[in-house]
Amino acid sequence: MAKIIAGIGTSHVPSLGAALDHGKTQTDYWKPLFDGLEPARRWIAETNPDVCIIIFNDHASAFSQALISTFAIGVAPEFQPADEGYGPRQVPVVKGDGELAWHIAESLILDEFDMTIVNEMPVDHGLTVPLSVMYDQPAEWPCRVIPVCVNVIQYPQPTANRCYNLGKAIRRAVESYPEDLRVAIVGTGGLSHQLQGERAGLINSEFDTTFLEKLVTEPETIKSMSHTEYLREAGSEGIEMIMWFTMRGALDDQVNEIYRFYHVPASNTAYGLLVLENE
Ligand code: DHB
Ligand code: FE
């Protein structure tokens, strides 16, 4: 039987990918952040999951206003890095797992989560930066990837609670797959940030650190927080944090915290990283 062994939460700041791609990880600005990734990277290398289910959002790279899907799952054999305006990142092609992805799609839809099924989807920094966080710069990504794309761009976004329940449904899907696979689930996005308007540059460290603590220890107490509260406290792009609930929902109620890291600044955001293990 396939099993969800761990959950990882990480911001997906695009300039973190650019720093890596352009050899700037040892500069005064970036070194403290990249040093902070090291314990997580060592744990991931040792744990070496077969498959990573990555909960991310597209930033108008694969989709546009022409089609706004609340939840989408990628079932293709591979996903190309997207061209986000400067050419695609020079990172390996993301290899999928069509068989497991179709199994999860079927299980989720019969479990009343109506997923959009995607056969073709270039993946932007929302997905490739978390892979760089986890694996640095390998010649090939060491795991197969199932992309699960959540609309956090266009109102109305799903609620955090809906994302949390999606995680629980993903766990049921994975655990009904007969092959012995070790699966990690990755929640990406955030933390507090606002990229435009009067409050551009907003970072709320108190809100972020409380969020990380409660997400680990008592997610049920914050899963009903409203979109307005995210906007007010974490800025217009802070709403990306709801995707961490899908990762958390797929884990046990009580988890083993392997690692936590929080760092400011990373471009316009606070950078956050969590590694959690099912007991
Ligand atoms: C930034 C952060 C994001 O999460 C994103 O999607 C785009 C930009 C930033 O901090 O610059
Ligand atoms: Fe983003």
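Read the numbers this way: they start at 1 and go in the same order the structure lists the ligands and their atoms. Values below: all heavy atoms of this structure, side chains included; hydrogens, waters and symmetry mates excluded.
The closest approach between any non-hydrogen atom of S15 and ligand 1 is not below 4.0 Å. Residue contacts with ligand 1 do not include E237, since none of its heavy atoms lies under 4.0 Å from the ligand.
Relative to the six-membered ring of F207, R232 misses at least one condition, a distance below 6.0 Å or an angle of at most 45° to the axis.
M115 CE to L166 CG: the interatomic distance, rounded to the nearest 0.5 Å, is 5.5 Å. Rounding to the nearest 0.5 Å places CG of L100 at 8.0 Å from CZ of R144. Interatomic distance, OG1 of T210 versus CG of D208, reported as 8.5 Å (0.5 Å rounding).
Not one N/O/S atom of H125, from backbone or side chain, sits under 2.8 Å from the Fe ion (ligand 2). At a threshold of 2.8 Å, the Fe ion (ligand 2) has a backbone or side-chain N, O or S atom of H59 nearer than that distance. Put simply, E240 gets within reach of the Fe ion (ligand 2), with an N, O or S atom under 2.8 Å from it.
Remark: minimum distance from atom 5 (C) of ligand 1 to any protein heavy atom is reached at H125 NE2, 3.4 Å. Looking only at heavy atoms of the protein, atom 11 (O) of ligand 1 is closest to S267 OG, 2.8 Å. Remark: minimum distance from atom 3 (C) of ligand 1 to any protein heavy atom is reached at H193 NE2, 3.4 Å. In terms of protein heavy-atom proximity, atom 1 (C) of ligand 1 is nearest to P14 CD, 3.5 Å. For atom 10 (O) of ligand 1, the closest non-hydrogen atom of the protein is T269 CG2, 2.9 Å.
For the residue pair D83 and G87, the shortest heavy atom distance occurs at OD1-N, 3.0 Å. For C52 against M134, the heavy-atom pair with the smallest separation is SG-CE, 3.7 Å.
The H59 neighbourhood of ligand 1 comprises atoms 6 (O), with distances under 4.0 Å to a heavy atom of that residue.
Applying side-chain contact (heavy atoms from CB on, under 4.5 Å) to V129 and the options T10, L20, L16 leaves one that passes, L16.
By the 4.0 Å N-to-carboxylate-O rule, R260 lies close enough to E213 to be salt-bridged with it.
Of all the heavy atoms of S11, none lies under 4.0 Å from any atom of ligand 1, so neither backbone nor side chain is involved.
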